[in-house]
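Heads up, the thing below is written out as structure tokens.
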Amino acid sequence: MVERKSIASPNLILSAAVKAPGGPDAARDGFRLGPIDLTCGGGSTVAVLGPNGSGKSTMFNLVAGQTQPDSGSVTLSGSPVRSMRARIGYLPQQGMLPPWATPRELCDYSARLIGATGPHGSGLAENALRYWDCLDFQHSLVGNLSTGMRKRVGLALATLHNPDLLVLDEPFEALDLGHIAALRQEIQRRTHAGLITVFATHIASCAAGLANVALFMGNGQATQLDWPADEQSRIAMLEKKFLAAAPPPPGLLHPDSLQASQ
Amino acid sequence: MFSHAGGMAAGILTSWVRSLSSRLPETLTGLVASVVFGALFLHVFRDLLSPDMVALAPAVITKATWAGMALILAGGVALTRRAMAADLTLGWGLFGRLRGLPESVASRMEDLTRFSWAAILGTITGGAAVFAGHAVLTSPESRLAVFAAGFFLCTLPAFVFSRRDGDSFSPQQAHTNRHLFRLVASNSGHTQGHAARLGALARWRTGLILRTPLTWLLAAAWSLCMAGVVAAAAYKVPLPFIALFAWLGGWLASLPLALHAASEARELPFEEAFGVTRGDIARAYMIVAAMIAILCGITPALITLLNREPVDLSALTCLGAGAMAPSLMPFLLWQVDARRPLVQALTSLFSSMFLATAIIATKAAFLLWPVVLVLLAHQQNKRILHEQTVTTGI
């Protein structure tokens with residue numbers, strides 16, 4: 001979407017990364033993420049799936065450099081992600097946009113923060129707002145926007161500088177069909193451009209259609225799935241894996257009935 | 001109706017007590033510190049002011065009393081307007097629908113509830129104004145007139161403003177004032193260097209703070225304090241009173257910082273996704289606070305300088321008193337919990353009150369100021385660093 005010189009071939013490496021969300025002592029309460037090992041080269045598109053509370057957002061905070069691992073390391077092209085945040089785009093699950101700013105002001109300001117000023121910065125902001133269809137409400141306060149509109153503004157900010165690593169925590173949530181298509185197109189463009197994208201989703205078809213690496217999270221542990229080539233097989237694998245990890249309440253859809261229907 | 005209001009009040013009280021008891025150690029510490037600071041302040045200030053108080057001209061006392069009554073009435077009206085916007089009647093509508101009452105009856109009950117709230121607030125406002133003005137309201141008729149004015153001014157919003165119409169404290173009702181924002185927040189050349197980036201962070205926050213309606217309300221309160229400084233200086237009122245107005249104005253002007261920091265601290269600041277650290281954000285607040293401190297210090301100092309004859313060092317005292325709270329605020333934001341602006345407001349109130357009183361008492365206390373700032377900065381840096389490495393929230 002936006003032209004910018006990137007690292008020749010970025011790579012993301014999680015090496016035995018461990019994180020307890022409330023600090024190392026909080027591990028006593030039960031939940032701890034990791035240890036996670038993952039290596040992604042340029043052009044990797046990683047789908048992260050798992051039941052609610054399985055540690056996806058904690059892992060995303062680690063990968064985006066928002067928090068540091070308690071042990072192990074997370075590096076982007078050999079440097080700790082925390083020092084590479086200017087090359088990372090991050091869309092958190094929950095909005096963190098100031099309600100008193102407008103999308104246009106946010107994009108202009110973000111462009112300035114990455115060192116793009118004047119016409120170049122304005123161009124970056126304009127392109128991002130246009131791609132994510134935000135021009136109609138670019139001068140409205142964020143506090144007045146709907147959830148879907150805020151999500152699009154968040155996506156515009158995350159992709160503004162065409163980052164080497166794009167981390168999207170449940171990006172499809174609250175988007176309408178047209179903008180889901182735009183997001184799918186952007187992720188595919190990044191894959192072809194040799195950039196890394198990591199996203200979480202609960203929509204099996206999105207993961208199956210876009211990702212070339214799939215991670216399944218459960219109780220803070222990540223398992224890399226043996227991804228079949230066929231998209232339908234991927235969806236079936238994900239549904240089976242998901243329903244086995246988080247069985248539905250009695251009376252609702254059960255893994256066995258799903259298998260029987262197939 | 002009263003049982004409904006009583007139930008609501010009991011609910012608010014219960015949740016407040018529960019919230020306090022869940023943080024008992026912090027609450028107790030805060031209470032003890034508040035009592036100690038308050039007592040110390042009263043002790044120091046009483047001794048300092050007693051002779052000055054006696055020297056005050058009766059005309060000044062009369063004018064100050066009238067001004068106080070006007071402020072109470074204005075505050076009461078503003079409070080009632082806020083209460084009318086807070087949808088206090090929602091419970092009645094729900095009650096009506098659950099009981100199967102016709103829509104018109106439920107709506108009437110809602111109106112009655114709104115008016116009752118306004119009447120309660122009007123009674124309190126009118127009573128407070130009469131109490132504050134007892135020195136000048138000598139006849140029963142004058143007391144009745146002031147009470148009636150308070151009551152009717154407060155019940156007026158119940159009729160004038162429809163529900164939520166008066167809520168100008170959310171973006172839904174706010175104007176974007178784009179030109180002012182562009183002037184303040186977007187006026188930058190390059191942001192490549194660290195200093196330039198800090199400038200951009202500070203300008204951005206200044207723009208957002210100026211856009212918040214509450215800031216303008218506090219700015220209006222600050223200007224009232226400056227009017228107080230002008231009046232006190234013009235009437236040749238003793239210096240501690242001028243400095244008191246200056247300090248109060250500075251404290252009010254520093255509150256938008258705490259409020260904005262609280263709104264940012266509830267989520268990860270989005271700038272972090274662009275490589276901005278929490279230390280940078282804290283430094284940006286220091287820049288904004290420095291600007292506020294300069295404004296709040298220089299304004300009363302200049303007013304005093306222009307009104308005092310012969311010219312002496314009293315302007316310096318006003319400068320210190322006015323700039324005290326804004327200068328302390330950025331070093332208090334992350335000391336306890338940035339998400340709770342009331343904590344910041346109280347800590348800055350007591351600490352700035354203590355230091356300002358010391359400066360009013362003796363100019364040697366100016367030496368304390370940098371020492372306190374360095375200690376607070378050291379403590380806060382450790383706290384920010386700790387949060388950055390351990391927790392997910394700022």
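Proteins get letters first, then strands, A, B, ... in listed order; numbering begins at 1 in each.
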Toward chain A, the part of B:I209 with a non-hydrogen atom under 4.5 Å
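For B:I209, there is no contact with chain A at all, as no heavy atom is under 4.5 Å.
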Relative to chain B, which segment of A:L157 carries a heavy atom at a distance below 4.5 Å: side chain, backbone, both, or neither?
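Both parts, heavy atoms under 4.5 Å.
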A side-chain contact here means heavy atoms from C-beta on lying under 4.5 Å apart; do A:L106 and B:W204 qualify?
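They are in side-chain contact.
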Min side-chain heavy-atom separation A:E105-B:R211 under 4.5 Å
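A:E105 reaches B:R211 side chain to side chain.
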What pair of heavy atoms forms the shortest contact from A:L113 to B:E271, and how long is it?
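Scanning both residues completely, I find the closest heavy atoms to be CD1-CG, 3.5 Å.
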